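Just so we're clear, the structure is a prediction, and the values are computed from it rather than from any experiment. When reading the values below, keep in mind they use all heavy atoms of this one structure, side chains included, and skip hydrogens, waters and symmetry mates.
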Amino acid sequence: MDTQADEPQEPTSEAEAFAAEVSYWREVRGLAKRTLAMQMGFDASYVSHIESGRAKPTAEFARLADETMNAGKAIWNRWCDYEAARTRTRHPGAPPAPRRAEQPYATGSALVVEHDQASLDYDGTSDRLTMRLRLRNTGTEPVTRYLIRISVDRYPGEPERSNAHYREHPLTGRNWR
């Protein structure tokens, strides 16, 4: 009797789509595999194995990756597709509750964002981005640089639709509209 016939099969295309989604968001957020792994509490080799397809993704990994990279449930939904195809059951639904309530700050960070306001205005020829941040240095060392990553959402409230749009039409410095 073949025992492998009773086990769920690994869905190749869904696993590849999940790996691609994790890799995409990691690159969008400008994170090295080692940095992402550290922020999620995983070994760096595990993130590499997930992205290369050598390791099977888990619900915990998918939830933490989505939460850490603020992917708007895009990573979680890819995992749900993978899991549904793997087990041939219906979509698992909402992700498990986050394991931590506090905002994740980078290890050793002494800056706290107390207020964040941004606006994007189009005057008919160009966009003007205005950002106002109120930062509090809770550490003992002076802060000389604070890097900002700007994310544009073509379809607010619809992260999957925005992601699909920007995969087909990547932003460059010349095509902001």
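Of the inter-residue distances, the one linking M131 atom CE with D116 atom CG reads 5.0 Å to the nearest 0.5 angstrom. Between atom OG1 of residue T87 and atom OH of residue Y82 there is a gap of 9.5 Å, rounded to the nearest 0.5 Å. Within the model, atoms CD of E21 and CG of N77 stand 9.0 Å from one another, a figure rounded to the nearest 0.5 Å. The structure places NZ of K56 at 14.0 Å from CZ of F18, a figure rounded to the nearest 0.5 Å. Between the NZ atom in K33 and the CD atom in E27 there is a gap of 8.5 Å [rounded to 0.5 Å]. Distance OG/S45 to CZ/R34: 9.0 Å, rounded to 0.5 Å.
Residue R167 qualifies as enclosed at atom CZ: its count of foreign heavy atoms under 6.0 Å is above 12. Other residues, nucleotides and ligands place more than 12 heavy atoms under 6.0 Å from the CZ atom of R54.
Taking every heavy atom of both residues into account, P159 and G72 meet most closely at CG-O, 3.3 Å. In terms of heavy atoms, W76 sits closest to A59 at CZ3-O, 3.6 Å. Closest of all the heavy-atom pairs between V22 and I75 is CG2-CG2, 4.0 Å.
A salt bridge does not link R78 with E160: none of the charged nitrogens is closer than 4.0 Å to a carboxylate oxygen.
Between the side chain of D43 and the backbone N or O of A37, no donor-acceptor pair lies under 3.5 Å. A donor-acceptor contact shorter than 3.5 Å is absent between the side chain of R86 and the backbone of A15. The backbone N or O of L31 lies less than 3.5 Å from no partner atom in the side chain of T35, so there is not a single donor-acceptor pair. A distance-only check finds no donor-acceptor pair linking the side chain of T68 to the backbone of A65 [under 3.5 Å]. Proximity of a side-chain donor or acceptor of S23 to a complementary backbone N or O of A19 within less than 3.5 Å is not detected.
Two residues are said to be in side-chain contact when any heavy atoms from C-beta on lie closer than 4.5 Å; R26 and E51 meet this criterion.
Under the rule for a salt bridge (charged side-chain N to carboxylate O under 4.0 Å, His left out), the partners of E158 that lie at least two apart in sequence or sit in another chain are R161.
Applying the ring pair (Phe, Tyr, Trp, His ring centres under 6.0 Å) test to residues at least two apart or on different chains, the pairs with a partner in residues 50-70 are F42-F61, Y46-F61.
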